[in-house]
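Here's the structure, in structure tokens; my notes come after.
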Amino acid sequence: MTFVLDAFDADPGTRQPGSHGTAPGSAPVPDDALLEGLNPQQREAVLYRGPSLLIVAGAGSGKTSVLTRRVAGLIQTREAWPSQILAITFTNKAAAEMRERVQALVGGAAEGMWISTFHSACVRILRRQAESMGMTQSFTIYDSADSRALIKRILKELDADTLGFTPGNVSGKISKLKNELTDAESYSRNVNADDPQEVAFLEIFRRYTAGLRRANALDFDDLIAETVHLFRAFPEVAALYQRRFRHVLVDEYQDTNHAQYSLIRELVRPIKPQHVPEDTRMSVDANGGIPGASLTVVGDSDQSIYAFRGADIRNIVEFERDFPNSKVILLEQNYRSTQNILDAANAVISNNFDRKAKNLFTTVGSGDKIIGYTGYTGHDEAQFVADEIATLHEQGERYSDIAVFYRTNSQTRALEEIFIRSAIPYRVLGGTKFYERAEIKDAMAYLIQVANPADDLALRRIMNVPKRGIGPATEAALQGYADRVGVTLRDALPDAAQLGLGPKVTAAILEFAAILDEATDSAPTTKPADILVKILERTGYIDALRATRDPQDEARIENVEELVAVTKEFARNNPEGTLVDFLTEVSLVAAADELDDSSGTVSLMTLHTAKGLEFDAVFLTGVEEDLLPHRISSGEPGGLAEERRLFYVGITRARKRLYLSLAMTRSTFGDTSVAMPSRYLQEIPAELIEWRQSPGMATSRGGTRSRALNGRGTGSSERFGYGTALPAAPPRVKTEWTNTVTNKVRDNGDLTLAVGDRIRHSDFGEGRVTGVTGEGSKSIAEVLFDQAGRKRLLIKIAPIEKL
DNA sequence: CGCGGTCTATGGGGG
DNA sequence: ATAGACCGCG
């Protein structure tokens, strides 16, 4: 077999500026600017040279800065060319930020570094080497919905749902296996042939693997696992990358799973003499081999929160054993948060036994107390958040420096309703994901079919979208023909006339085939945006949506138009970008990538998405039993410790202000249930929290001690600080009313308000308008309510009437 | 084949 | 509450 050596593969060792493998600590020192402002530990982490380095970086300890300067230092001292550096980050956004910061330090020299996520790096490698795996470079990347769709088909074929298989549990199990690098064949070796369940699963796994292969597709887990398999099956391919990447850096190492760990191991493996080109100028050892690349990993086992997708905390805990002669550097000084916030974080995480002691500290002072609030309902809680955000904004805090966290995505609903009403600009990161909407998946399926005609799954999705009279029967006929002749479904389309179908259907199929073929032919020379627009026109997709009466279709049209805008934006950022590049980028966006600091909006996100981010003010909502810790987690080994780490991650995101809120009742899917304060809340020393409304006050409405707190029977509910944090705790005049927000979107038409008008609000009662800003449907009234105080309301939809 | 109704499973985190 | 599966009818 032969390997195409493109530019980067031209053995970078031949122009290597320095040599690797110098004695630890003896590297040339980069200039002072690079070390400016670093503490001794950080400095050491930047300067240390050796085979492997573990930087244990507590939250907010400046690890991004350290990592960035370490990379910049390698380049500046000419120890490495940029092209010899591979840095793995957790999100694309973090990668972009790191690239920028390195560029700021060393200038344009940073060109050629690989800074990307595990998935992006693997896709890059796999596309280059697709042929060695028997695929084409335009393979499709299946997301979890695509995987499940394929599994669903297989379950149907096998009638396997009777054995208790669902697309969900099958895809979960397959994902887990792949993260352990177990493929269908290695799984088959350990199958108990007497267990029909296992035998059936093996068959499903085999068909799933075959289905992906036939469609020239890989799922998310394959991206990592197949790269490892590729490296192991073709050592000479692995050697290409081992020779190229002399410095490998991995961020958030505590969240790597076994497959990712193995990938790193492969990349930093020493190169055997037979894989060293004769003319290499890299320094070779006594046997003629080349030592492995130097490895730097950064992580914090206290922030490991991805066990559910296979993250193995042992990867970081056992790093020193895995990589002998490792250096370990501990970063404990925190540059992000106030001491009060850190004290709370330290107190919480210290309840996790089995961890290395680590105590974050800062020199910035104690700062404000943590604010606590207990709402009567989730809406009440949301109103508190909205009001506090309004206050912060009035005090000069930018919306983009404020974030609201929650454990589950469904919690956004109440928050969004109140935010809209209160006219607070917000953005939900990774919510109901844009790319998961049906109309977007449809449009994307067209593009995928154009790029990868073998993808039958994509073809089936769009065969009858928009409706063109190709139903299940016709699809089956085409599939049958394709199977008989041994071609893909796409290749069967032009032969539709031979199937004896009706003239109308036949014509529709041929027209459909013509649209796809035309697009495929034009793809190499046409921008993704133009391909998409052409397809939308030719298929009449938008027209079909326009023709219906469904009011939601208007939003769907907007979404498709948004996708067109995305493709145009892509073309601006990547003038040379191909359709496959576009599809890859879209497949790999992470929730945190959507963060836009210049948007001027408050960011809403899950605690998981929040990892690695920081904000001046953080609202951590829903701090309740069954939510944080989540109900399901309590049954899982290590679940409660992981949930505690999640809470810890949330707390440590805050720079200046931290708000912890919960609700006494929370309505989920129709019915309302009583919520208990989270056990983790009690782990925070009482004197750190100032309760605006403590759980006790909320239960008793200003009366005696909380029943809810004693409910858990921990005996330590005194720590809630009721009575200490709020002197005298008078039964406060209720300014936050129990909101029962209706689901139907309210519309006040063109109700206009002027300063001085009296209005009545369904929750806040009567009040006087003190100001009106904004135009038309976006106009906002500022109202001074007689009892609830000052609020801002979006006039068009607020539940108000003019008196 | 397409439509519109009823029924049922599913409500955790993500690349 | 909601999306998708399912079923019977025009």
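Proteins get letters first, then strands, A, B, ... in listed order; numbering begins at 1 in each. Both backbone and side-chain heavy atoms feed into the values below; hydrogens, waters and symmetry mates do not.
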- Distance, rounded to the nearest Å, where A:Q260 contributes CD and B:dG14 contributes P: 16 Å
- For A:F570, check ring-ring contact (aromatic ring centres under 6.0 Å, His included) against everything at least two apart and list the hits. A:F582
- Message: A cation-pi test, strictly: NZ or CZ of A:R653 under 6.0 Å from the centre of the six-membered ring of A:F615 and no more than 45 degrees from its axis. Yes or no?
- Response: no
- With a non-hydrogen cut-off below 4.0 angstrom, is A:Y306 in contact with a base, only sugar-phosphate, or nothing? sugar-phosphate
- Query: Could you give the CZ-to-C1' distance, from A:F308 to B:dG14, as a whole number of Å?
  - Reply: 5 Å
- Interatomic distance, A:L613 CG vs B:dG14 P [rounded to whole Å]: 13 Å
- What's the CG-P distance between A:L155 and B:dA9, to the nearest Å? 16 Å
- Task: Evaluate the ring planes of A:H608 and A:Y306, with Trp represented by its six-membered ring, and classify them as parallel (under 30°), tilted (30 to 60°) or perpendicular (over 60°).
- Result: tilted
Would you tabulate the nitrogen or oxygen pairs shorter than 3.5 Å linking the protein to nucleotides 1-6 of chain B?
{"unit_1": "B:dC1", "atom_1": "OP1", "unit_2": "A:T474", "atom_2": "N", "d": "3.2"}
{"unit_1": "B:dC1", "atom_1": "OP1", "unit_2": "A:T474", "atom_2": "OG1", "d": "2.9"}
{"unit_1": "B:dC1", "atom_1": "OP2", "unit_2": "A:A473", "atom_2": "N", "d": "3.2"}
{"unit_1": "B:dG2", "atom_1": "OP1", "unit_2": "A:N464", "atom_2": "ND2", "d": "3.4"}
{"unit_1": "B:dG2", "atom_1": "OP1", "unit_2": "A:G469", "atom_2": "N", "d": "3.1"}
{"unit_1": "B:dG2", "atom_1": "OP2", "unit_2": "A:N464", "atom_2": "ND2", "d": "3.4"}

- How do A:S587 and A:I632 order along DNA chain B: which one's closest nucleotide is nearer the 5' end? A:I632
- Item | salt bridge (Lys or Arg N to Asp or Glu O under 4.0 Å) against A:R644, all qualifying residues, sequence neighbours excluded | A:E683
- Can you check whether A:T606 has a side-chain N or O nearer than 4.0 Å to OP1 or OP2 of B:dG14? yes
- Exercise: do A:N452 and A:S138 side chains pair donor with acceptor under 3.5 Å: no
- A:F118 ring over B:dG15 six-membered base ring, under 5.5 Å and 30°: no
- Task: Scan A:D221 against the nucleic acid and name what it touches under 4.0 Å (heavy atoms): base, sugar-phosphate only, or nothing.
- Result: base
- Query: When we call it a touch if two heavy atoms are under 4.0 Å apart, what does A:R631 touch: a base, just sugar-phosphate, or nothing?
  - Reply: nothing
- Query: What integer distance in Å separates A:E417:CD from C:dA1:P?
  - Reply: 13 Å
- Query: How would you label the contact of A:Q411 with the nucleic acid (heavy atoms, under 4.0 Å): base, sugar-phosphate, or nothing?
  - Reply: nothing
Below 3.5 Å is the cut-off: list the nitrogen or oxygen pairs between protein and nucleotides 3-6 of chain C, distance only.
{"unit_1": "C:dA5", "atom_1": "OP1", "unit_2": "A:K152", "atom_2": "NZ", "d": "3.2"}

- Qualifying residues under ring-ring contact (aromatic ring centres under 6.0 Å, His included), relative to A:F205, sequence neighbours excluded: A:F201
- Query: Would the A:F90 and A:F118 ring centres measure less than 6.0 Å apart?
  - Reply: no
- What does A:T609 touch in the nucleic acid at a heavy-atom separation under 4.0 angstrom: a base, only the sugar-phosphate, or nothing? sugar-phosphate
- Item | Results of salt bridge (Lys or Arg N to Asp or Glu O under 4.0 Å) for A:E642 - residues two or more places apart only | A:R645
- Item | Gap between atoms CD and C1', on A:E642 and B:dG14 respectively (whole Å) | 13 Å
- Message: Can you measure A:I224 atom CD1 to B:dG15 atom C1' for me and round it to whole angstrom units?
- Response: 8 Å
- Query: With distance as the sole criterion, is a donor-acceptor pair present between the side chains of A:E624 and A:S678 under 3.5 Å?
  - Reply: no
- Taking everything shown except A:E554 itself, do over 12 heavy atoms lie less than 6.0 Å from its CD? no
- Message: With a cut-off of less than 4.0 Å, is there a side-chain N or O of A:N409 near OP1 or OP2 of B:dG13?
- Response: yes
- From B:dG14, B:dG12, B:dG15, nucleotide with atom closest to A:E643 side chain: B:dG12
